[in-house]
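Report on one structure; see the data block that follows.
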Number of protein chains: 2
Amino acid sequence: MTNENNHGQGLKSLDTALGVLAIMAAQKGPLSLSEIGRACSMPPSKVHRYLASFVGAGLVKQQGRSGRYDLGPAALQLGLAALARHSFVNAAADGLSDLSGETGMTALLSVWANQGATVVRWERGITPTDMSMGLGTTLPLLNSATGRVFLAWGAPRAVAPVRDAQFEQFARRSGQSVDPDHTSTSIAAIVESIRADGYASVVGRYIPGLVAIAAPVLDWQGEAQAAITLVGIDPPVIAPDSPQVQCLLAYCAEKSVVRASD
Amino acid sequence: MTNENNHGQGLKSLDTALGVLAIMAAQKGPLSLSEIGRACSMPPSKVHRYLASFVGAGLVKQQGRSGRYDLGPAALQLGLAALARHSFVNAAADGLSDLSGETGMTALLSVWANQGATVVRWERGITPTDMSMGLGTTLPLLNSATGRVFLAWGAPRAVAPVRDAQFEQFARRSGQSVDPDHTSTSIAAIVESIRADGYASVVGRYIPGLVAIAAPVLDWQGEAQAAITLVGIDPPVIAPDSPQVQCLLAYCAEKSVVRASD
DNA sequence: TCTAAAATTTCATATTACGCAATTGATTCT
DNA sequence: AGAATCAATTGCGTAATATGAAATTTTAGA
């Protein structure tokens, strides 16, 4: 009872160090030492030593003389190596522009990483949805169609903690506009609904004025290894029998369960 | 005198752990536990604990039931986040297709990471140079034009160890064909020559039948933060006054020293 | 089903990372 | 320009942590 919970059985210092890396990746720009320390609630000396190792490995680079720290070239290399390995990402990305062309909407490919859905690739559609969305953007679990795909089909071990944390936030500021476009406030009900439909939809939630529909690319266990999202400005497309939804579902069905090696 | 050399002052366990990550990134496919242990010369139990942390962070993913380990979604996220941050990568990549179009050659953008030049982006030219080169490919320091750019202009602290190691390999198997296209076998002479020309060229060294010219994108310190490479099949293009070389040098000059924030 | 190899867990011990405090370095204000 | 403030870095004793060898469980092959 001396130890709280050792969920994964990993090295403590490594875990915290990787936490620092994740926090740096989540931020938008370079960070100063004390900023990182504040974000991780760690003493500066600890952060400094971790960063020394990261800099040595090239994962983090210290800017010329601003002293600030940012992700380095090795991080880039790591990501590219991961991209080359995840065959399903390339496979799923293959027809992405076709999908975008057929529906006229902007098509997104995302995978679950850390605490949210990460956009890995996207193709701009005809409809001028001026999203300023870069690759690597993290979409929220509950307030995006993409995130909700992982809420419904994601690996429970990875998604559950985030879901519970978000739910607490909801409960804390309850009484306000909670789930205007769903009759039930229960997350379980939302999940049930999404699973039944086979796709998630959201209207003007993540970005006002935009609608999104998203469906999973499933692996052999029935878990979402990726999500395909279509973003547009036309509310009617979220109907189950709309051509866009049909197109999306057909696409995801084709990409699902490609191989057992993943 | 108990410790050999503590070049960077980092955490020991973190350093070794990141070494494991780097080795995994260098390999082409998924690895088993014992394979990783062999590659890092570590006992399996140690590797296993490291991997547990990596899996927990999502940097490494354990395949369905093959038991093998591979880079995970968090690695992808990290790389994409790094890509979004390195403004010069996007800036340098901007005109890459133009450069390829003007010269007809395949254009590569690379940065230095870990132990070699990592290809970050590339545009295929008109000339059918059927290189099967994926993003994230690591090019050798001495046997590629791209690598030689970093040999000449790269940060000494990062390049020197690799150079020395390679040089030892050369010395070990000396007597064989050493540097057929340079009069001197001295690496210093090669560097001097490249610096004087402003670009590096190689004929059929990395891939037989292909020629490459490469020039640096310099930062405010005069160090190469990236390299631009043109690959083709026409030997004459390596001449200093060839239009391709001029085009490349103009391009790199334009991209160099864009901002002091890097 | 049995055998062999690999993967994972356990445990005592030595090593390592931690926090606190002092030093150095950079920036701002008077 | 000098002084004061804040951030960044380094040193050190201590307590927590990572380590390697061996035991146990799981997987693959015969």
Side-chain angles (χ1 to χ4, degrees), chain A residues 1-21 23-24 27 29-57 59-70 72 157 220-221 260-261, chain B residues 1-21 23-24 27 29-57 59-70 72 157 260-261:
Chain A
M1 298 206 184
T2 56
N3 207 347
E4 312 227 2
N5 57 345
N6 212 349
H7 38 278
Q9 191 76 340
L11 298 205
K12 197 172 177 183
S13 67
L14 229 191
D15 284 336
T16 55
L18 296 179
V20 173
L21 242 198
I23 284 179
M24 290 192 66
Q27 245 70 21
L31 295 173
S32 75
L33 185 76
S34 48
E35 285 173 324
I36 301 174
R38 224 166 292 131
C40 311
S41 34
M42 286 185 188
S45 63
K46 195 175 185 176
V47 177
H48 180 260
R49 277 172 299 203
Y50 282 136
L51 289 178
S53 278
F54 286 139
V55 169
L59 282 170
V60 169
K61 190 181 178 187
Q62 190 167 200
Q63 313 268 67
R65 191 59 64 169
S66 71
R68 288 226 264 262
Y69 294 92
D70 203 351
R157 286 178 294 276
W220 59 286
Q221 288 181 322
S261 71
Chain B
M1 299 203 185
T2 56
N3 208 346
E4 310 227 6
N5 58 346
N6 213 350
H7 37 278
Q9 191 74 336
L11 298 203
K12 195 171 178 182
S13 66
L14 229 192
D15 284 335
T16 56
L18 296 180
V20 173
L21 242 198
I23 285 178
M24 291 192 65
Q27 244 71 21
L31 296 173
S32 76
L33 186 85
S34 47
E35 284 172 325
I36 300 174
R38 224 165 293 131
C40 310
S41 34
M42 287 185 188
S45 64
K46 196 175 186 177
V47 176
H48 179 259
R49 278 172 299 203
Y50 281 136
L51 288 178
S53 279
F54 286 140
V55 169
L59 282 171
V60 169
K61 192 181 178 187
Q62 190 167 201
Q63 313 267 67
R65 191 60 64 169
S66 72
R68 287 226 264 263
Y69 294 92
D70 203 350
R157 288 178 292 277
S261 70

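So that the names make sense, note that chain A is the first sequence line, chain B the second, and so on, each numbered from 1.
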Rounded distance (Å) that lies between atom [atom2] of [N] and atom [atom1] of [X]:
{"X": "Leu51(A)", "N": "dT9(D)", "atom1": "CG", "atom2": "P", "answer": "9 Å"}
{"X": "Arg38(B)", "N": "dA5(C)", "atom1": "CZ", "atom2": "P", "answer": "13 Å"}
{"X": "Gln62(A)", "N": "dA7(D)", "atom1": "CD", "atom2": "C1'", "answer": "13 Å"}
{"X": "Arg68(B)", "N": "dA7(C)", "atom1": "CZ", "atom2": "P", "answer": "10 Å"}
{"X": "Lys12(B)", "N": "dA17(C)", "atom1": "NZ", "atom2": "P", "answer": "8 Å"}
{"X": "Ile36(B)", "N": "dT8(C)", "atom1": "CD1", "atom2": "P", "answer": "10 Å"}

Gap between atom [atom2] of [Y] and atom [atom1] of [X] - 0.5 Å precision:
{"X": "Tyr50(A)", "Y": "Leu14(A)", "atom1": "OH", "atom2": "CG", "result": "8.5 Å"}
{"X": "Arg49(B)", "Y": "Met42(B)", "atom1": "CZ", "atom2": "CE", "result": "11.0 Å"}
{"X": "Arg38(A)", "Y": "Leu33(A)", "atom1": "CZ", "atom2": "CG", "result": "10.0 Å"}

Checklist entry - Are Tyr69(A) and His48(A) side-chain neighbours, meaning at least one heavy-atom pair lies under 4.5 Å? => result yes

Item to check | Sub-4.5 Å side-chain heavy-atom contact between Ile23(B) and Ile36(B) | outcome: no

Report yes if a side-chain nitrogen or oxygen of [X] is closer than 4.0 Å to either non-bridging phosphate oxygen (OP1 or OP2) of [N]; otherwise report no.
{"X": "Tyr69(A)", "N": "dT9(D)", "result": "yes"}
{"X": "Ser32(A)", "N": "dA7(D)", "result": "no"}
{"X": "His48(B)", "N": "dT8(C)", "result": "yes"}

Checklist entry - Which is true for Glu35(A) with a 4.0 Å heavy-atom rule: it touches a base, it touches only sugar-phosphate, or it touches nothing? => result nothing

Next on the checklist: Output one letter per nucleotide in nucleotides 18-24 of chain C: B when a protein non-hydrogen atom lies under 4.0 Å from the base, S when only the sugar-phosphate is that close, - when neither is.
Outcome noted: BBB----

Next on the checklist: Go through it in stages, so that I can follow the logic: the residues are Leu59(A) and Met24(A), the test is side chain to side chain contact (heavy atoms under 4.5 Å, CB included), and I'd like the CA-CA distance, side-chain angles, deciding distance and then a yes or no.
Outcome noted: CA-CA 11 Å; Leu59(A) 282 170; Met24(A) 290 192 66; over 6 Å; no

